[in-house]
Amino acid sequence: MPELPEVETVRRTLKNFIIGKKIFDIQVHYDKIVEGDSHQFIETLKGQTIRDIDRVGKYLIFILDKDAFISHLRMEGKYNLTDAFKPLNKHEHVNFIFSDHSEMRYQDTRKFGRLKLASKDSYRLDLPLSKLGPEPWNADVEQIYQSIHKSRLPIKTLLLDQTILAGIGNIYANEICFRTKINPTTPGNRISRKRIAELVDISSQILSEAIKQGGTTIHSFDSNGISGLFQVNLQVHQQKNCPACQGTIIKKMINGRGSYYCPHCQKKRS
DNA sequence: CTTTCGGCCTGTCAGC
DNA sequence: TGCTGACAGGCCGAAA
């Protein structure tokens, strides 16, 4: 699934194609993708024109004339842009039909993603966006330190906590720990202010570099029009040898998520 | 309160 | 070859 840089790439790509398009109709083929009443979702949005697309953390927000809707891609959600002649594939669950006969289809193999109506005026203040922490480049280090230093959870798990910092997913959490040479299992309460400052800084750097490159692709993700453009430079995630010391990279489950690190370069001491 | 765990879904891959 | 179980970029809610 997309993490912040991939969602940002989708946002930018989508904007080029659908701003100004009017929703003629919406077909929902798998009800649970839409939170709340899908009929109401359809009727509310029908006839409105897409004016903008915003992003907060890993959420996309489509802004229309009067309303907005939030989209979370979770693990495998993506948007396909197509014309009406192309038959629906089995994983395209929600089809936005525009008045110019082009279509934007929400595809999601695992059906984890969600669409939800939102208030155009207050979506940032409403759930679920209201509980997100800052994105790394907006973060106040002292505040992040306060959240992290009172927890005994592994730092890698804390990096995945969207209420502390928004936008980091499993891949980037691994990469951030590697770049800061922090062992991902280190409890939050054993990390100094200085190290937290480094973590926040490296997080900003890695995410913004990835945005520049157009996101990271591992297997199923591609955003229309620019698929295949990206070359990933993952240093530890799903890697075999450490690029720094050539030692073997360890894979270990940390709170249920696959975690990769170099035991030599990422010592417990920090 | 904090933390862990199972559920949500389908596909793929390793191992038997 | 076919089957089974583990795992995959995430999040939520129930239970501990």
Side-chain angles (χ1 to χ4, degrees), chain A residues 1-11 28-36 55-60 70-79 88-94 106-116 126-133 135 146-178 184-185 187-189 203 206-207 209-211 213-223 227 230 232-240 250-260:
Chain A
M1 145 13 289
E3 305 183 29
L4 186 152
E6 291 76 19
V7 177
E8 176 61 16
T9 302
V10 171
R11 186 185 75 84
V28 177
H29 298 103
Y30 185 81
D31 237 33
K32 291 165 80 174
I33 297 284
V34 175
E35 275 185 60
R55 181 192 55 71
V56 180
K58 303 177 193 171
Y59 291 84
L60 286 171
I70 297 180
S71 168
H72 197 301
L73 277 34
R74 296 284 182 97
M75 297 290 260
E76 301 196 359
K78 59 182 79 169
Y79 284 98
L88 279 184
N89 77 44
K90 66 187 282 205
H91 299 302
E92 288 173 335
H93 307 301
V94 181
Y106 179 71
Q107 174 177 68
D108 190 341
T109 312
R110 293 172 72 182
K111 301 177 177 166
F112 283 175
R114 293 293 178 263
L115 295 170
K116 183 188 193 331
D126 302 334
L127 287 171
L129 304 194
S130 58
K131 57 179 168 34
L132 294 178
E135 294 174 359
Q146 292 306 325
S147 315
I148 288 178
H149 96 286
K150 61 179 165 51
S151 173
R152 291 173 310 172
L153 287 175
I155 183 59
K156 194 225 163 196
T157 301
L158 295 168
L159 287 172
L160 291 173
D161 183 339
Q162 303 297 302
T163 68
I164 300 177
L165 281 172
I168 299 169
N170 200 41
I171 294 180
Y172 291 116
N174 286 329
E175 295 296 316
I176 290 162
C177 289
F178 178 78
T185 63
N189 63 6
S203 299
I206 289 186
L207 295 190
E209 277 167 27
I211 290 172
Q213 294 168 11
T216 299
T217 301
I218 283 192
H219 81 289
S220 65
F221 180 77
D222 76 59
S223 50
S227 62
F230 336 127
V232 191
N233 47 14
L234 297 177
Q235 316 239 45
V236 274
H237 188 83
Q238 290 184 359
Q239 304 300 302
K240 258 180 61 206
I250 301 279
K251 181 187 182 192
K252 158 175 194 182
M253 297 305 268
I254 300 178
N255 280 53
R257 310 300 303 276
S259 307
Y260 297 79

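Chain identifiers are assigned alphabetically (A, B, ...) following the order of the sequence lines, protein sequences preceding nucleic acid strands; residue numbering begins at 1 within each chain.
Checking the phosphate oxygens (OP1, OP2) of C:dG9, a side-chain nitrogen or oxygen of A:His237 falls inside 4.0 Å. In this structure, A:Gln162 does not reach the C:dG10 phosphate: none of its side-chain N or O atoms is under 4.0 Å from OP1 or OP2. Between A:Arg257 and the phosphate of C:dG10, there is a side-chain N or O to OP1/OP2 separation shorter than 4.0 Å. Here A:Lys131 reaches the OP1 or OP2 of C:dC12: one of its side-chain N or O atoms lies under 4.0 Å away. At C:dG10, one or more side-chain N or O atoms of A:Lys58 fall inside 4.0 Å of OP1 or OP2 (strictly under the cut-off). The phosphate of C:dG10 (OP1 or OP2) has no side-chain N or O of A:Arg110 nearer than 4.0 angstrom.
Checking side-chain atoms of A:Gln235 against main-chain N and O of A:Glu175 turns up no donor-acceptor pair under 3.5 Å. A distance-only check finds no donor-acceptor pair linking the side chain of A:Lys150 to the backbone of A:Gly188 [under 3.5 Å]. Side-chain atoms of A:Gln162 never come within 3.5 Å of backbone atoms of A:Gly57 as a donor-acceptor pair (strictly under, hydrogens ignored). At distances below 3.5 Å, at least one donor-acceptor pair connects side-chain atoms of A:Gln239 with backbone N or O atoms of A:His237.
Counting any heavy atom pair closer than 4.0 Å across all strands shown, A:Asp108 reaches no nucleic acid atom. Contact annotation for A:Ser151: backbone-only contact, meaning every heavy-atom pair under 4.0 Å involves sugar-phosphate atoms and none involves a base. Across all strands shown, A:Leu153 has heavy atoms under 4.0 Å from sugar-phosphate atoms exclusively, and none from any base.
With rounding to whole Å, A:Tyr172 atom OH is found 9 Å from C:dG9 atom C1'. Rounded to a whole Å, the CD1 atom of A:Ile254 is 13 Å from the P atom of C:dG9. For the pair A:Met75 CE and C:dC12 C1', the interatomic distance rounds to 14 Å; values are reported in whole Å. In this structure, A:Leu159 places its CG atom 12 Å from P of C:dG10, rounding to the nearest Å. Taking atom CD of A:Gln213 as the reference point, atom P of C:dG9 lies 19 Å away to the nearest angstrom. A straight line from CZ of A:Phe112 to C1' of C:dC12 spans 11 Å, rounded to a whole angstrom. In this structure, A:Ile33 atom CD1 and C:dG10 atom P are separated by 17 Å, rounded to whole Å. Atom-to-atom, CD of A:Glu35 to C1' of C:dG10 comes out at 13 Å; the value is rounded to the nearest Å.
Ring to ring, A:His93 and A:Tyr106 are not that close: their centroids are 6.0 angstrom or more apart.
Between A:Leu132 and A:Leu129 the shortest side-chain heavy-atom distance falls below 4.5 Å. Between A:Thr157 and A:Ser151, every side-chain heavy-atom pair lies at or beyond the 4.5 Å cut-off.
C:dC3 sits 24 Å from B:dC9 when the P atoms are compared, rounded to a whole Å. For the P atom pair drawn from C:dG10 and B:dC1, the interatomic distance equals 26 Å after rounding to whole Å. Comparing B:dT3 with C:dG9, their C1' atoms sit 23 Å apart, to the nearest whole Å.
For the strand DNA chain C, secondary-structure stems (runs of at least three Watson-Crick or G-U pairs, all distances below 3.5 Å) span B:2-8 with C:10-16, B:10-16 with C:2-8.
One finds the NZ atom of A:Lys32 at 15.0 Å from the CG atom of A:Leu115 (value rounded to the nearest 0.5 Å).
Mapped onto DNA chain C by nearest heavy atom, A:Pro128 and A:Gly258 fall at different nucleotides, with A:Gly258 at the one closer to the 5' end.
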**Message:** What verdict does the side chain to side chain contact (heavy atoms under 4.5 Å, CB included) test give for A:Asn170 and A:Leu160, after you've listed the backbone C-alpha separation in whole Å, the side-chain angles of each residue and the deciding distance to 0.1 Å?
**Reply:** CA-CA 7 Å; A:Asn170 200 41; A:Leu160 291 173; 4.0 Å; yes
**Request:** Start with the C-alpha gap between A:Ile33 and A:Val28, add the side-chain angles, then the distance that decides, and say whether side chain to side chain contact (heavy atoms under 4.5 Å, CB included) holds.
**Result:** CA-CA 8 Å; A:Ile33 297 284; A:Val28 177; 5.7 Å; no
**Request:** Go through the steps for A:Leu165 and A:Leu158 under the test side chain to side chain contact (heavy atoms under 4.5 Å, CB included), then give the verdict.
**Result:** CA-CA 9 Å; A:Leu165 281 172; A:Leu158 295 168; over 6 Å; no
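Using a 4.0 Å cutoff to heavy atoms of chain A, the contacted part of DNA chain B runs 5' to 3' from B:dT3 to B:dG11.
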